[in-house]
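Have a look at the structure below, then the notes.
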Amino acid sequence: MNTDIKGITNTGANQEGLLDKIWPHVELIAAITSGLLIAIGWLLEKNDLTTASVVSFVLAFLIGGYAKAKEGIESTIAEKELNVEMLMIFAAIGSAVIGYWTEGAILIFIFSLSGALETYTMNKSHKEISALMELQPQEALVVSNGVEKITPVAELRIGDLILIKPGERIPSDGRIVKGQSHLDEAAITGESIPVSKGVHEDVYAGTVNLNGSLTVEITKESSDTLFQKIIQLVQSAQSEKSPSQLFIEKFEGMYVKVVLAVVALMMFLPHFLLGWSWTETFYRAMILLVVASPCALVASIMPATLAAISTGARRGILFKGGVHLENLSHLRAIAFDKTGTLTKGKPEVTDILTNEEISKTEFLLKTAAIESHSNHPLANAIVNYAKENREEALIHPESIEDISGYGVKATYEHELWKIGKADFVGREAAESFLDGAALRLAQEGKTIVFVQKDGEIVGLIALKDVVRDETKKAIDQLKQKGIYTVMLTGDSKNTAHAIAAESHVNDYTAECLPEDKVEKLKRIKEEYGHVAMVGDGINDAPALATANVGIAMGDGSGVALETADVVLMKNDLPRIAEAIQLSEKMNRIIKQNVIFSISVIMVLIVSNFLQFIDLPFGVIGHEGSTILVILNGLRLLKS
């Protein structure tokens with residue numbers, strides 16, 4: 001008995017899981033099914049199986065048109081205004097009334113397919129919010145009178161003390177009251193190098209405590225944290241309608257009203273004013289409803305857009321919708337994140353300086369041997385550099401001690417070595433080493449690691465998140481197109497200045513938190529109009545959503561990839577200029593198609609009023625123009 005119940009339960013769960021997978025694609029499945037039924041109906045009609053063909057066409061109407069008819073009726077009732085969905089339904093029914101089932105079914109099929117693609121895109125656009133939410137802990141370890149208690153983050157209050165262990169994410173914004181550790185703040189600042197923080201310093205929700213135990217005093221309610229602001233900024237930016245979308249909605253209402261008003265008048269006025277028979281009057285009204293349907297206008301845009309998107313995908317440029325591809329040609333400015341976008345996103349050794357008492361080979365091998373016992377990103381970069389440039393094996397030190405927040409201390413061949421920041425080895429000695437070499441390197445945006453042996457500094461290692469090889473080429477290409485380029489980064493001014501100069505951007509803004517990036521982006525939009533944002537981190541999500549076009553690097557965070565409108569799958573920045581060029585060509589073709597299709601519709605409408613055209617020729621002209629604009633759009637496949 002138990003086995004049967006378990007089997008039934010599993011079967012029900014499997015069916016529910018299958019439905020969950022299928023449901024987001026149900027509109028697309030209905031559209032494809034409608035297309036297949038149209039093909040079957042056409043074949044049956046060709047074989048004189050009229051009744052069977054009509055049944056097939058009716059099924060195509062019902063299956064393909066249900067979603068759009070439901071949407072159109074509900075929208076009409078809610079807004080008390082007719083829309084294009086209703087016009088398409090009327091046109092398809094009108095075609096069927098005068099015996100042209102195939103044409104009516106095709107109108108339904110094209111419109112249902114475009115609706116399915118629109119629904120799919122909208123479903124995808126909401127995923128980044130859930131991806132962001134997964135990064136924020138749901139519980140915190142509250143410490144009160146020496147007693148630890150697990151508490152939901154939503155119940156935390158200002159002044160509460162929470163304990164954060166190594167490897168845990170910070171659950172809410174606060175200030176350290178006890179302990180010292182390195183924190184990975186990439187989720188907030190985008191900086192790849194962990195930051196050392198101690199007592200009285202601020203920490204942010206969503207960042208990661210790497211190696212030390214911290215006691216933090218909550219300074220903000222969970223709903224007011226910087227992390228929550230990121231989520232709110234994304235939601236706010238996505239809820240705003242673009243000017244083009246507002247124009248289209250306004251055009252739809254006007255177009256439907258005009259067409260339906262003219263068709264309604266034509267159903268009886270010609271009989272009284274021009275002496276047409278009732279049969280001729282109704283016949284001409286149905287022709288008008290067919291030829292005035294926006295089938296050719298829809299085909300003017302969709303095939304061209306899909307062809308351009310396909311071409312972009314072949315080149316490693318993923319567009320999440322035609323509107324984003326269209327907007328690229330209007331860009332006048334592009335903002336770039338630094339870490340992982342203009343740069344490689346990880347520190348690399350750029351300089352090794354030593355005094356006369358030690359050779360660079362000995363210095364590098366002993367330093368790397370000691371650093372091989374640390375998991376700090378700077379230590380890893382030094383070890384990797386040593387392995388790439390020296391074949392000698394690393395000899396382990398006799399003893400090693402990690403000094404949290406400062407560096408590492410080790411005994412190596414009976415010598416006392418210290419590796420870390422300036423304060424760890426003596427700031428005065430560090431700043432005067434080799435006539436102030438460290439200050440010069442720091443001004444170039446480099447992070448300095450000092451090495452001391454038996455109380456004397458013997459060398460230093462400079463590291464930097466280096467600019468990608470293709471960055472300069474990409475920026476130069478955009479500047480040639482007259483596009484203003486700016487770098488927005490959470491890094492210090494020295495680092496930002498050095499990277500900006502090296503990457504050739506027009507301007508930069510340093511020490512940016514996510515909300516600062518959004519504000520800066522809004523100011524750029526006010527000055528230049530259409531603006532793009534290129535980034536790869538969680539902290540870039542609000543700016544990506546605020547920009548007219550958000551562009552993410554392919555190896556970026558999941559949140560950035562979901563928020564962005566365009567993804568560079570191979571992290572190839574020069575592809576941005578190619579994408580803009582593709583957008584310009586697509587917009588030219590769409591303009592050609594729109595002008596041509598409207599011209600044909602106008603000619604057909606006038607010919608119908610003058611009784612120069614019969615229904616078969618009206619259908620041929622209408623469907624023929626549709627085929628021509630589709631073929632013109634498909635030229636983009638060869639771009």
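Predicted, not measured: the structure shown is a model, and the values here were computed from it. FYI, side chains are in, hydrogens and waters are out, and symmetry mates aren't considered; it's all heavy atoms of this structure.
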Min side-chain heavy-atom separation Gln180-Tyr406 under 4.5 Å: yes
Asp173 and Thr219: side-chain donor and acceptor closer than 3.5 Å? no
Is there a donor-acceptor pair closer than 3.5 Å between any side-chain N or O of Lys197 and the backbone N or O of Val203? no
Which side-chain N or O atoms in residues 446-460 pair as donor and acceptor under 3.5 Å with protein atoms at least two apart or in another chain?
from: Lys446; atom 1: NZ; to: Asp351; atom 2: OD1; distance (Å): 2.6
from: Lys446; atom 1: NZ; to: Glu444; atom 2: OE1; distance (Å): 2.9
from: Gln452; atom 1: NE2; to: Val425; atom 2: O; distance (Å): 3.0
from: Asp454; atom 1: OD1; to: Leu416; atom 2: N; distance (Å): 2.9

Can you name the closest pair of heavy atoms from Lys493 and Ala510 and give their distance? CA-CB, 3.8 Å
Evaluate the side-chain proximity of Ser372 to Val383: yes if any heavy-atom separation is below 4.5 Å, no if none is. yes
Side-chain donor/acceptor of Asn384 to backbone N/O of Ala381, under 3.5 Å: no
Do Thr367 side-chain atoms and Leu364 backbone N/O form a donor-acceptor pair below 3.5 Å? no
To the nearest 0.5 Å, what is the distance between OG on Ser213 and NZ on Lys165? 8.0 Å
Neighbour count above 12 (heavy atom, 6.0 Å) for Glu398 CD: yes
Closest non-hydrogen atom pair between Phe433 and Asn355, with its separation: CZ-N, 4.0 Å
Begin with the C-alpha distance, continue with both residues' side-chain angles, and end with the deciding distance and a verdict on side-chain contact (heavy atoms from CB on, under 4.5 Å) for Lys479 and Asn506. CA-CA 9 Å; Lys479 291 166 75 172; Asn506 294 106; 3.6 Å; yes
Check the orientation of His497 and Tyr508. Use parallel for under 30°, tilted for 30 to 60°, and perpendicular for over 60°. perpendicular
More than 12 heavy atoms from other groups under 6.0 Å of NZ on Lys409: no
Does some side-chain heavy atom of Val143 sit less than 4.5 Å from a side-chain heavy atom of Ile162? no
Taking it one step at a time, do Leu573 and Val534 satisfy side-chain contact (heavy atoms from CB on, under 4.5 Å)? CA-CA 9 Å; Leu573 285 176; Val534 187; 4.3 Å; yes
Once rounded to the nearest 0.5 Å, what's the spacing between atom NZ of Lys520 and atom OG1 of Thr509? 4.0 Å
Carefully, step by step, assess Val408 and Phe424 under the rule side-chain contact (heavy atoms from CB on, under 4.5 Å). CA-CA 9 Å; Val408 64; Phe424 189 43; 5.7 Å; no
For Glu578, is there an ion pair with Arg575 - N to carboxylate O distance below 4.0 angstrom? yes
Measure across Ile551 and Ala532 and return the closest heavy-atom pair with its distance rounded to 0.1 Å. CD1-CB, 4.3 Å
Please test Thr341 against Met487 for side-chain contact (heavy atoms from CB on, under 4.5 Å), starting from the C-alpha separation and ending with a verdict. CA-CA 10 Å; Thr341 302; Met487 180 181 73; over 6 Å; no
Sidechain-backbone polar pair: Lys220 side chain, Arg157 backbone, donor-acceptor under 3.5 Å: no
Surrounding CD of Glu168 (heavy atoms of other residues, nucleotides or ligands, distance under 6.0 Å), is the total greater than 12? yes
Closest approach of Ala140 to Val153 (non-hydrogen atoms, all atoms of both residues): N-CG2, 4.3 Å
Applying ring pair (Phe, Tyr, Trp, His ring centres under 6.0 Å) to Phe363 and not counting sequence neighbours gives none
Do Asp540 and Lys517 touch side chain to side chain, with heavy atoms closer than 4.5 Å? yes
Glu527 side chain to Ile524 main-chain N or O, any donor-acceptor pair under 3.5 Å? no
Side-chain donor/acceptor of Thr471 to backbone N/O of Leu342, under 3.5 Å: yes
Ignoring hydrogens, what is the shortest heavy-atom contact between Asp465 and Lys344? Give both atom names and the distance. OD1-N, 3.5 Å
Measuring only between side-chain heavy atoms, which start at C-beta, is Pro171 closer than 4.5 Å to Ile164? yes
Heavy-atom closest pair, residues Thr489 and Ala496: CG2-CB, 3.7 Å
Supply the atom-to-atom distance Ser583 OG to Leu325 CG, rounded to the nearest 0.5 angstrom. 5.0 Å
Side chains of Leu582 and Phe319 in contact at under 4.5 Å (non-hydrogen atoms): yes
When you compare the side chain of Met553 with that of Arg468, does any pair of heavy atoms fall below 4.5 Å? yes
Quick one: list whatever passes ring pair (Phe, Tyr, Trp, His ring centres under 6.0 Å) with His530, sequence neighbours left out. His330
Taken to the nearest 0.5 Å, the spacing of Arg175 CZ from Ile218 CD1 works out to 11.5 Å
Hey, could you give me the NZ/CG distance between Lys360 and Leu353, rounded to the nearest 0.5 Å? 6.0 Å
Is there a donor-acceptor pair under 3.5 Å between the side chain of Asn327 and the backbone N or O of His324? no
Under 3.5 Å donor-acceptor, Thr350 side chain and Ala462 backbone: yes
Min side-chain heavy-atom separation Ile400-Ile370 under 4.5 Å: yes
Look up atom CE in Met533 and atom CG in Asn548, then write down how far apart they are to the nearest 0.5 Å. 13.5 Å
Check whether any side-chain N or O of Ser144 sits under 3.5 Å from a backbone N or O of Val147 as a donor-acceptor pair, and report yes or no. no
Is there a donor-acceptor pair under 3.5 Å between the side chain of Thr343 and the backbone N or O of Lys338? yes
Salt bridge flag under 4.0 Å for residues Lys366 and Glu415: yes
